[in-house]
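Comments concern the structure below.
Within every chain, numbering begins at 1; the chains are lettered A, B, ... in the order of the sequence lines, protein sequences first and strands thereafter. Atoms considered below: every heavy atom in the structure, side chains included; atoms not considered: hydrogens, waters and symmetry mates.
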Amino acid sequence: MQTSIPKTKLLIILRTITTSATVSCNQRAASERGFLNLLQSCNTFSNLLQIQTQILKLGFENNPLILTKFVSKASDLNSIEHAHCFLFSPHSNTHFYDAFLFNTIIKAYAQTGNLKPKALWVFNFMLECRVLPNNFTYPVVLKACAGIGDLNLGMSIHGSLLKFGLHGNDPVLNTLVHMYCSCKGGIVFGRKVFDEMTKNDSVPWSAMIGGYVRLGRSNDAIDLFRQMQIQGVCPDEITMVAALCACTDLGALELGKWIESLIEREKVNKSLELNNALIDMFAKCGDVDKALKLFRAMNERSIVSWTSVIVGLAMHGRGLQAVSLFQEMIRDGVAPDGVVFIGLLSACSHSGLVEKGKHYFDLMRKEFCILPKIEHYGCMVDMLCRAGLVRDAVEFVQKMPIEPNSIIWRTMINACRTHGELKLGESLARQLIRNEPMLEANYVLLSNIYAKMSHWEKKTKTREVMDKKGMRKIPGSTMIELNNKIYKFVAGDMYHNQYKEIFEMVDEMGREMKRAGYVPSTSEVMLDIDEEDKEDNLNRHSEKLAIAFALMNTPPGTPIRIVKNLRVCSDCHSATKFISKIYNREIIARDRSRFHHFKDGLCSCNDFW
DNA sequence: ATAGGGTTAG
């Protein structure tokens with residue numbers, strides 16, 4: 001329940017102010033202070049409307065301070081557009097407006113979800129009104145620009161900053177770095193500003209490291225983080241969050257633990273966000289139990305904390321536990337949002353809980369009034385497809401009230417391939433290519449279907465179309481951490497300095513596995529070559545190279561952690577099960593969508609992925 | 001009164 005000033009009281013106060021017919025300076029100041037206090041306690045939209053009327057009645061429409069407070073109140077009440085109309089009506093006298101007032105409006109727009117472009121409109125209007133921007137203007141206007149992500153826009157603001165000859169102080173330069181790092185294609189400009197500025201504190205470092213993380217350049221982010229240490233700049237909790245995100249992206253558990261130890265050593269303030277980043281890092285780097293432990297120890301949790309553990313459990317195939325955590329969250333009185341439902345539905349999807357998934361999909365609309373978005377429909381399609389119910393998925397898509405996106409089509413096409421609906425898959429893939437001819441993933445899907453159908457000439461033709469358009473398949477790669485270094489393997493990799501030993505090890509593994517009953521699934525090889533070459537091809541998959549490398553370089557009995565950039569192929573999946581038993585190793589593999597814990601010849605995913 | 005951070009299906 002919101003507390004509001006009773007209307008009667010409000011009117012009495014207003015009347016007291018209005019009735020002073022001849023006011024001295026002191027009285028005027030007093031009435032201004034009184035009005036500001038009144039504004040301060042305004043907390044509903046109808047209060048705001050009353051205040052607006054009074055502003056006109058009392059002649060405060062020429063008082064920029066009062067107008068500024070009015071704007072920030074309106075912003076608090078999500079009514080910035082209302083304040084906008086009031087301030088920029090044809091009758092309003094913009095002659096009295098100052099930079100503080102404009103800055104406040106720009107900031108209010110910058111904070112909105114989809115009204116950010118209006119911040120730039122106000123900025124331009126400010127220039128038209130010949131109000132000079134100051135050093136407080138640029139951080140807010142650049143922040144709006146960063147939110148829009150338009151590089152040209154950002155550059156023109158940068159240009160206007162130079163034109164006004166403001167001496168860029170720290171906040172201005174920091175936001176300039178942030179803006180460039182948030183715009184597509186802008187990171188080099190951001191780096192240039194970053195390199196040329198004097199960096200007195202952690203802020204520009206956080207902006208730059210965060211920029212690399214957002215671009216998926218996590219290795220560069222970590223390099224810069226190390227550079228920061230060398231330069232003797234102390235990272236704060238925000239820098240730590242960015243560094244942890246880089247670890248999460250890489251799946252680098254050891255690196256993540258190192259950051260955690262730095263946090264402890266430097267006694268960095270453990271903000272809610274930092275705890276959330278730690279939870280997410282541990283969950284997505286393979287130690288979901290540690291993530292749960294941290295989650296339980298937190299004294300303040302946000303919806304993000306809950307989402308992180310639920311998604312973490314989902315990735316580890318612990319769907320039932322994810323569901324019970326969701327129920328606990330509801331019992332705790334935390335209001336769910338659309339995002340946590342994505343996590344919950346993906347938990348059901350990864351654990352084959354089709355009925356539960358359907359139940360929660362209905363519940364989100366009926367009980368929590370959250371309208372399912374395309375992502376939620378995507379989860380449902382994925383869930384039906386994983387469970388092998390391709391026909392149900394088709395029916396579901398036909399009944400959907402919104403247009404399916406290409407992600408949903410790709411999910412369906414891939415499911416058609418794995419569940420033998422090849423004709424359907426082919427026609428869907430061809431349709432998708434007609435709609436989206438410049439996306440390589442669509443051609444890869446079609447060519448994989450042709451491979452499965454053994455339609456080699458059609459497959460070759462698809463590949464030729466790709467070549468002609470200059471597209472290339474993303475190569476599969478596997479990452480492994482060893483002695484504080486990150487090693488990356490790609491299929492057939494011969495650049496590693498141990499590659500001969502690795503290939504020998506892979507061959508030995510192959511012999512041992514065959515003795516234990518492993519049959520290479522050569523149907524996974526999407527090439528028209530003979531069976532023996534197919535086996536070689538399988539043995540050169542990046543995953544097997546990484547595991548061989550780990551077996552050679554780590555003590556017997558220790559767990560092996562690997563991270564793949566794509567989904568694990570079914571041959572590598574079955575081979576890894578054998579390896580875990582033969583070599584008595586626990587192998588924890590993260591692929592593009594989930595974790596596989598291999599132990600004693602079995603996988604935690606129960607072959608469901 | 002001005003700067004920097006977190007979660008999401010495929």
Candidate nucleotides B:dT2, B:dA9, B:dG4, ranked by approach to the side chain of A:V311 - the nearest: B:dA9
Sugar-phosphate, base or nothing in reach of A:S202, heavy atoms under 4.0 Å: base
Gap between atoms CG and C1', on A:L161 and B:dA3 respectively (whole Å): 14 Å
Nucleotide nearest A:H178 (side chain, heavy atoms from C-beta), chosen from B:dG6, B:dG4, B:dT2: B:dG4
Touch class at under 4.0 angstrom, heavy-atom based, for A:T239 against every strand present: nothing
Residue A:C245, side-chain atoms from C-beta onward, closest of B:dA9, B:dT7, B:dG4: B:dT7
N/O (side chain, A:K373) to phosphate O (OP1/OP2, B:dA9) under 4.0 Å: no
Geometric cation-pi criterion, A:R226 with A:W258: 6.0 Å, 45°: yes
N/O donor-acceptor pair, side chain A:S302 with base B:dG6, under 3.5 angstrom: yes
Donor on one side chain, acceptor on other, A:D236 and A:N269, under 3.5 Å: no
Nearest-angstrom distance from the residue atom CG of A:N269 to P of B:dG4: 18 Å
Distance-only side-chain donor-acceptor flag, A:T137 / A:N103, under 3.5 Å: yes
A:K116 to A:Y109 six-membered ring, cation-pi geometry met (6.0 Å, 45°): no
Sugar-phosphate, base or nothing in reach of A:S271, heavy atoms under 4.0 Å: base
Atom-to-atom span, CZ of A:R214 to P of B:dG4 - whole angstrom: 10 Å
Sugar-phosphate only, base, or nothing, as touched by A:R301 at under 4.0 Å among non-hydrogen atoms: nothing
Nucleotide B:dG6, atom P - distance to NZ of A:K270 in whole Å: 19 Å
Candidates B:dG6, B:dA9, B:dT2 - which lies nearest the side chain of A:D382: B:dA9
Whether over 12 other heavy atoms sit under 6.0 Å from A:Q229 CD: yes
By side-chain contact (heavy atoms from CB on, under 4.5 Å) - contacts of A:S182 (at least two apart): A:A146, A:H178, A:R214
Euclidean distance, atom CD1 of residue A:I106 to atom C1' of B:dA1 [Å, nearest integer]: 13 Å
Nearest to side-chain heavy atoms of A:C379, which nucleotide of B:dA9, B:dA3, B:dT7: B:dA9
Residue-phosphate contact under 4.0 Å: A:K107 side-chain N/O, B:dT2 OP1/OP2: yes
Proximal nucleotide (of B:dA9, B:dG4, B:dA3) relative to the A:N174 side chain: B:dA3
Whether A:F194 and A:W205 hold their rings parallel, tilted or perpendicular, with breakpoints at 30° and 60°: perpendicular
Touch class at under 4.0 angstrom, heavy-atom based, for A:D337 against every strand present: nothing
A:N276 CG to B:dT7 C1', straight-line distance once rounded to whole Å: 8 Å
Side-chain-base donor-acceptor pair under 3.5 Å for A:N275 and B:dG6: no
For atom CH2 of A:W205 and atom P of B:dG4, their distance in whole Å: 19 Å
Nearest-neighbour nucleotide for the A:V241 side chain, B:dT2, B:dG6, B:dG4 considered: B:dG6
Nearest-nucleotide pick for A:S308, side chain only, options being B:dT7, B:dA9, B:dT2: B:dT7
Nearest-Å distance for atom pair CG/C1', residues A:L272 and B:dT7: 11 Å
Sugar-phosphate, base or nothing in reach of A:N134, heavy atoms under 4.0 Å: nothing
Minimum-distance nucleotide (side-chain atoms of A:E375 versus B:dA9, B:dA1, B:dT2): B:dA9
Nearest-nucleotide pick for A:P171, side chain only, options being B:dT7, B:dA3, B:dA9: B:dA3
